[in-house]
Amino acid sequence: MRAVAALIVGSVLTGCSSIGTLEFTDDNNYAYMSNIGIQSIPIAAGQNPCFDWSGLTTDIRGRAFDGVVDEAYFTLMEQSQEETVASFEDNTFIQADVKEPFADNPPDEARDGCGEDFSVIGNDFMAEDFEAGGDWLITLMKFRDSPAGGLDPIMSLFVVPDDTVETTTVSVSDDSMDLEITGLDIAGAPRIAVSTGTNRADWTAVTVDVYGNNYSNQDGNDLFIARFDVESVEEIEATFLTLDTSAAEIYRREVFGFNTLEDLSSAVSTTGENFPGFTTEGIWVFGIACSICNNPAPLLLSVLEVQ
């Protein structure tokens, strides 16, 4: 489990992309910052904690939630709540930040679950290990509809075992976690010039991602190309957290370990069509996302100038 950016566009174009190649550099990347808030709820220590998400209607990106949880994590954190939230915001959360991880795959009809449902490598969660003084995090996830796979965070909530309370059930609601974008800029960086015949992408020149971390092609595994039927980039910014569902068309390709893609037509839509090529209609963007990050903002994102 990882935690989990910055787009900018103006009339200035990147020098000169070579014929047929979309060349992405650090200068082309967008800008993004966020504030994440996660509620903390005390619950009876030494008991079997239960979680009710029957009242949850939207995820952290504001998308409608149908109640189905594909995977849930219940983890005792190695670090403080403040440190966990900060690592989500700057996308530096790593497995070492978890002291004891447990997971569950609830049935589709389930709208609640308890600690006894969770396990890891054959070891079940035990109520006696739910001791006062620890910070636990319950996180609900859905499978991503992308060739890169992965999970989309739905909602998280800190659960703190407390000897002074008797409540054994907590509700995971729309207010349990919030994601506020504070520094989104899609209109400031140079656009990348491409032609309608461009069918290759190269991002070997990228050194840092939108979070300011060293760019890793192990995390950047989900390439996407999307067209928006809008008049301005500002309209794309307004729907930033739902880019995948607000695009007129979007094509994806798994690119784990890649820094180039020799054939953009290998990217496919959710209905199975291959990318047919760029057009001069609408506004096109190119990006690289992380399918294992908790912060949903793409690592790389730039607007294209189709010529």
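By convention here, the first residue in the shown sequence is residue 1.
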Enclosure of Glu231 CD (heavy-atom neighbours >12, cutoff 6.0 Å) = no
Please list all pairs passing the salt bridge (charged side-chain N to carboxylate O under 4.0 Å, His left out) test where one or both residues lie in residues 58-72, with sequence neighbours left out.
-> Asp59-Arg63, Arg61-Asp152, Arg61-Asp244, Arg63-Asp152, Arg63-Asp244, Asp66-Lys142
Quick note, salt bridge (charged side-chain N to carboxylate O under 4.0 Å, His left out) partners involving residues 254-273, not counting sequence neighbours, are Arg200-Glu262
Output yes when a side-chain donor or acceptor of [X] lies under 3.5 Å from a complementary backbone atom of [Y], and no otherwise.
| X | Y | answer |
| --- | --- | --- |
| Thr21 | Glu23 | no |
| Asn199 | Ser265 | yes |
| Asn29 | Leu301 | yes |
| Asp135 | Glu78 | no |

List the atom of [X], the atom of [Y], and the distance in Å for their closest heavy-atom pair.
| X | Y | value |
| --- | --- | --- |
| Tyr251 | Asn274 | CE2-O, 3.8 Å |
| Thr75 | Phe102 | CG2-N, 4.2 Å |
| Gly134 | Leu76 | CA-CD1, 3.9 Å |
| Asn221 | Ser291 | ND2-OG, 2.8 Å |
| Leu179 | Ser34 | CD1-CB, 3.6 Å |

Give a yes or no on whether [X] and [Y] share a hydrophobic cluster (residues Ile, Leu, Val, Met, Phe, Trp, Tyr; joining criterion: side-chain heavy atoms under 4.5 Å apart).
| X | Y | answer |
| --- | --- | --- |
| Leu56 | Ile41 | yes |
| Leu137 | Val160 | no |
| Phe224 | Phe256 | no |

Looking only at the side chains, is there a donor atom on one of [X] and [Y] sitting less than 3.5 Å from an acceptor on the other?
| X | Y | value |
| --- | --- | --- |
| Asp27 | Thr25 | no |
| Ser173 | Asp175 | no |
| Thr207 | Asp26 | yes |
| Glu83 | Ser80 | yes |
| Thr239 | Thr242 | no |
| Thr168 | Gln47 | no |
| Thr270 | Asp145 | no |

Rounded distance [0.5 Å steps], [atom1] in [X] versus [atom2] in [Y]:
| X | Y | atom1 | atom2 | answer |
| --- | --- | --- | --- | --- |
| Leu151 | Phe143 | CG | CZ | 6.0 Å |
| Asp219 | Tyr211 | CG | OH | 10.0 Å |
| Ser156 | Leu140 | OG | CG | 7.5 Å |
| Trp53 | Ile154 | CH2 | CD1 | 9.0 Å |

Please list, chain by chain and in numerical order, all residues satisfying salt bridge (charged side-chain N to carboxylate O under 4.0 Å, His left out) with [X], sequence neighbours excluded.
| X | answer |
| --- | --- |
| Glu249 | Arg227 |
| Arg111 | none |
| Asp222 | Arg144, Arg252 |

Hey, do the aromatic rings of Trp136 and Phe74 have their centres closer than 6.0 Å?
-> yes
Donor-acceptor contacts, no H, no angles, side chain residues 115-128, under 3.5 Å, sequence neighbours left out:
| residue | atom | partner | partner atom | Å |
| --- | --- | --- | --- | --- |
| Glu116 | OE1 | Asn48 | ND2 | 3.3 |
| Asp117 | OD2 | Cys114 | N | 2.8 |

Residues Glu305, Arg191; criterion salt bridge (charged side-chain N to carboxylate O under 4.0 Å, His left out); working and verdict | CA-CA 6 Å; Glu305 186 78 16; Arg191 299 188 183 191; 3.1 Å; yes
